[in-house]
Amino acid sequence: MADLSSGLTTRVDTSQESARLRVEWIDWASPFRGAAVGVGDTVLAVDGVPVDPLASGGAAQRLPGGYAEAQAFEAAGRKAGDPLKLTVRRPLALGGTVSEVSAPLAEVSSARNADNQPILPPDGPVAMERDDQPDNWGAWADQLRAKLTYLLDVERHTATFVSRFEAKELRERHGDRVDLVVSRYPGLWSAAVKADYDAALKLLEGEAIILPPGALDFRRRGEVLAGEIRVLAQAAWEDAKARVETIAPFPAVDPTVGQVAPLKGKTVVLPPLGNAQWVSDSNHGWFCAGSPQDGWYFIDAESPAAEAMLRARDRYGKIVDPGLAASFEFIATITGESRLVMIGDRAWFGLVAAPVAALVGGAMFVDLSSAQPQFAGEEGLVDDTPDLPPDDAPPAAVLTALIGAVKAGDIALWRALHADWEVGVIDDADGAPRRIIYPHCSPPQDARFEDSRRSMAKRVADVRVAWVGEPVSITDGSAFPGALRIDEVAAKLDHIGDDNGDGNYRVFADVTVSCDWRLQRVDGGPWRIATVQSI
C-alpha cells in the first residue's frame, strides 16, 4: 500500500517560550489546498488531540507534515480518503483566528504524463523540460517554493525585511514565468502556483489605505509652527544686530603681527558657518570663521554660551522641526585673546570671540546673554505635565498615544509612555537564563524621538496598531517577598507611506521603521513601552 500524506510540511518552532508546530509549506497538490490553513499557521491539535511538539521519541516528526507522518498514519490504520482534522491558528499579524480545517489523506505517488515522464504534481509540466527558460520546471519550482516559504510566513519578516524590495524581486525573478506556466499549462498545478504568487505579492505590496480627511494635518501644523518660529527668529536676529554697534569682521587682525588690545570688546557679525567650519583640534571643538586670506575668528564650541545654543538647537529639533539646517550665524564679542587652531592640514592663528546671540539654520534665534537661553518662541511649547492615557488603558491605546505624541511633537508625553524599569536576562551558575529586574533605568534617548519626528515628517504618513498579542507573565512576583510581577505583551505597528508620490498609500515594512514592539506592566499597573526605538 502506498504511503499516505497530508501534503503539508511542518516544523517545530522553539523561538518562543512554548514550542509550536508551524506550517512551513502546503504542497501544490496537497488536499489542504483551498482549506483555511496557510503558511505560518500554528497547528494546535490533530483530530482533536492537542499537539506536543517536544514529545519524546521523535513524535514531532510523526505529526502531520513531519517526514515520518506516513508511519503514524499507517500505525493508526488510516487509509486514503480518510479525513485529517487540524485545529490551526493564524499568525497574529494576520488576525490570530483559530479554525478547524479538514482534508482527506492522499496516497503519495509519482505524477507522470502519458509518455511516463515525471511531471510536477498533480498536472504540471514535465519536470526536466525548460521551454527555453534558464532552468527546468522542476528546478524553478523548487526556487519559487523556497522563496514563497519565506515570504508567506509573516513571522519570518525580521527588522531587516524590506517589503517593497522583496515585491520587486519577486516580480522580476518569477512574474513572467508564472504568467508563462499559467498560459501554457492551465490546470490545478499552475492555478496553485499562481495563487501563492499572487498572495505573496499582495502581502508584500501592502494593504491599500485611504487616509481620512485631515490625516496629514499634523505635518501642516508642524510646518506652520516652524514658519512662525522662523519669523520670530529672523525678527529677533535683526533686532539683536540693530541693538549693538559692530565693526566689519574682515579682514581680521592677525594676532601674530597686529594689535589685538584695541579690538577687545568690539562686536562682529560673522558669516554663516556649517559643519565644515566646526572643527576639532586636540579633541576640542571650535567654530572657525574666515579664511587664510581674510584672517580668522574662533568661537569655543564648548563654552557655556555655545553649549547653551546647541542645547536650544536640540530642543528645537525635538519640538519644532528635526530637519533644522546645520548653519550657524553669530553675533560675537572679541575677547582680546588669540588662539592657534588646526584647520585641515595647517594650524592658523586667529582672534577668539565669545557669542552673544546666534541664528541657527536661518530659523532659530537664541539670545546667549540671558541666564537660561531659550530660542525665540520656545516658551509655552513644552508641557511638563503630559496627558497620559488612563492607568487601565490597553496596550493599543498606549501605542496610539505614542504615535500621537510624535505627531504633536510632545516629547514629555513620549518619555512618560516608556517604562522606567528594565528587565534583563543573565545566566546563573548552572548556565540557565535568569531574569533580572532593574526598578529604575535611564530615560529613553531623545534621539529616537527625533528620528520618529523626522520619519513622520517625510516618508511615513501614518502609523497604526496592527495587532496586540496576549499578555504573558515574565516574572510572577513569587521569587521573594516584595518581588515584582511583570507582564509583557507583543505588538506590531503598520507603517503607511506613499513611496511613489502618487497619493496611493500602502502599508510597508523596511529597515527605516520599527514594526515590532513590546509593552510591560508592573503588578497590574499601567502598560508602558519597553522597546526604546524610533517609530
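Note: hydrogens, waters and symmetry copies are ignored here, and every other heavy atom, side chains too, is used. Just so we're clear, the structure is a prediction, and the values are computed from it rather than from any experiment.
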Visitor: Evaluate Val522 against Trp421 for side-chain contact (heavy atoms from CB on, under 4.5 Å), listing each step before the verdict.
Guide: CA-CA 9 Å; Val522 175; Trp421 64 87; 3.5 Å; yes
Visitor: Please answer whether the main-chain N or O of Ala29 pairs with a side-chain N or O of Asp27 as donor and acceptor at a distance below 3.5 Å.
Guide: no
Visitor: Establish, for the pair Arg177 and Trp137, whether the NZ or CZ atom is under 6.0 angstrom from the six-membered ring centre and no further than 45 degrees off its axis.
Guide: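 Yes, Arg177 and Trp137 form such a contact.
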Visitor: Give a yes or no on whether Ile210 atom CD1 has more than 12 heavy-atom contacts from other residues, nucleotides or ligands under 6.0 Å away.
Guide: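 12 or below, so no.
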Visitor: Roughly how far apart are Arg521 CZ and Asp391 CG, rounded to 0.5 Å?
Guide: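 The CG atom of Asp391 is 12.0 Å from CZ of Arg521, to the nearest 0.5 Å.
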Visitor: Decide whether Glu24 and Thr149 meet the rule of one side-chain donor and one side-chain acceptor closer than 3.5 Å.
Guide: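 Per modelled atom types, Glu24 and Thr149 side chains form no pair under 3.5 Å.
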Visitor: Just by modelled atom types, is the Glu207 backbone N or O under 3.5 Å from a matching donor or acceptor in the Arg506 side chain?
Guide: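 Here the side-chain-to-backbone pair does not exist.
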Visitor: Do Ser5 side-chain atoms and Glu107 backbone N/O form a donor-acceptor pair below 3.5 Å?
Guide: no
Visitor: Are Asp462 and Lys407 close enough, and set up right, to give a salt bridge (Lys or Arg N to Asp or Glu O under 4.0 Å), and what steps lead you there?
Guide: CA-CA 9 Å; Asp462 202 2; Lys407 290 181 177 179; 2.9 Å; yes
Visitor: Please tell me whether Ser6 and Glu69 have a donor and an acceptor in their side chains that are separated by less than 3.5 angstrom.
Guide: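 Their side chains do contain a donor-acceptor pair, which is all the 3.5 Å distance test asks for.
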Visitor: Ignoring hydrogens and angles, tell me if any N or O in the side chain of Asp523 forms a donor-acceptor pair with the backbone of Gly525 under 3.5 Å.
Guide: no
Visitor: Any sub-3.5 Å donor-acceptor pair from Arg518's side-chain atoms to Thr531's backbone N or O?
Guide: no
Visitor: Check the orientation of Phe375 and Tyr316. Use parallel for under 30°, tilted for 30 to 60°, and perpendicular for over 60°.
Guide: perpendicular
Visitor: Students often mix this up, so state it plainly: with edges at 30° and 60°, are the rings of Phe161 and His157 parallel, tilted or perpendicular?
Guide: parallel
Visitor: What I want to check is whether the side chains of Arg485 and Thr475 have a donor and an acceptor closer together than 3.5 Å.
Guide: no
Visitor: Mark yes or no for whether Ser514, through its side chain, and Ser534, through its backbone, hold a donor-acceptor pair below 3.5 Å.
Guide: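 Looks like yes, one N/O pair under 3.5 Å.
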Visitor: Would you sort out whether Arg459 and Thr512 count as a side-chain contact (heavy atoms from CB on, under 4.5 Å), showing the intermediate values?
Guide: CA-CA 10 Å; Arg459 189 178 182 202; Thr512 68; 3.1 Å; yes
Visitor: Might you confirm whether atom CG of Asp387 has over 12 heavy atoms from other residues, nucleotides or ligands at distances under 6.0 Å?
Guide: no
Visitor: Dump the intermediate steps for side-chain contact (heavy atoms from CB on, under 4.5 Å) on Ile496 and Val460, then the final yes or no.
Guide: CA-CA 6 Å; Ile496 301 165; Val460 179; over 6 Å; no
Visitor: Under the rule for ring pair (Phe, Tyr, Trp, His ring centres under 6.0 Å), what residues qualify as partners of Trp517, not counting sequence neighbours?
Guide: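 With sequence neighbours excluded, Trp517 shows a ring pair (Phe, Tyr, Trp, His ring centres under 6.0 Å) to no residue whatsoever.
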Visitor: Has Arg173 got more than 12 heavy atoms of other residues, nucleotides or ligands less than 6.0 Å from its CZ?
Guide: no
Visitor: Side chains of Thr97 and Ser99: donor-acceptor distance under 3.5 Å anywhere?
Guide: no
Visitor: Can you tell me if Arg33 uses its side chain to pair, donor with acceptor, with the backbone of Ile26 under 3.5 Å?
Guide: yes
Visitor: Will you find, in the side chains of Asp446 and Trp414, an N or O donor that is under 3.5 Å from an N or O acceptor?
Guide: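 Asp446 vs Trp414: no donor-acceptor pair found between side chains.
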Visitor: What residues form a ring pair (Phe, Tyr, Trp, His ring centres under 6.0 Å) with Tyr505, not counting sequence neighbours?
Guide: none
Visitor: Under the 3.5 angstrom rule, does the side chain of Asp516 hit a backbone N or O of Lys492 as a donor-acceptor pair?
Guide: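 No.
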Visitor: Considering non-hydrogen atoms only, spot the tightest contact between Thr10 and Gly66 and give its length.
Guide: OG1-N, 3.6 Å
Visitor: Return yes when atom CD of Gln143 has more than 12 non-hydrogen atoms of other residues, nucleotides or ligands closer than 6.0 Å, and no otherwise.
Guide: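 Counting neighbours around CD of Gln143, more than 12 heavy atoms of other residues, nucleotides or ligands fall under 6.0 Å, so yes.
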Visitor: Among Leu86, Leu84, Asp41, find the residue that satisfies the side-chain contact (heavy atoms from CB on, under 4.5 Å) test when tested with Val101.
Guide: Leu86
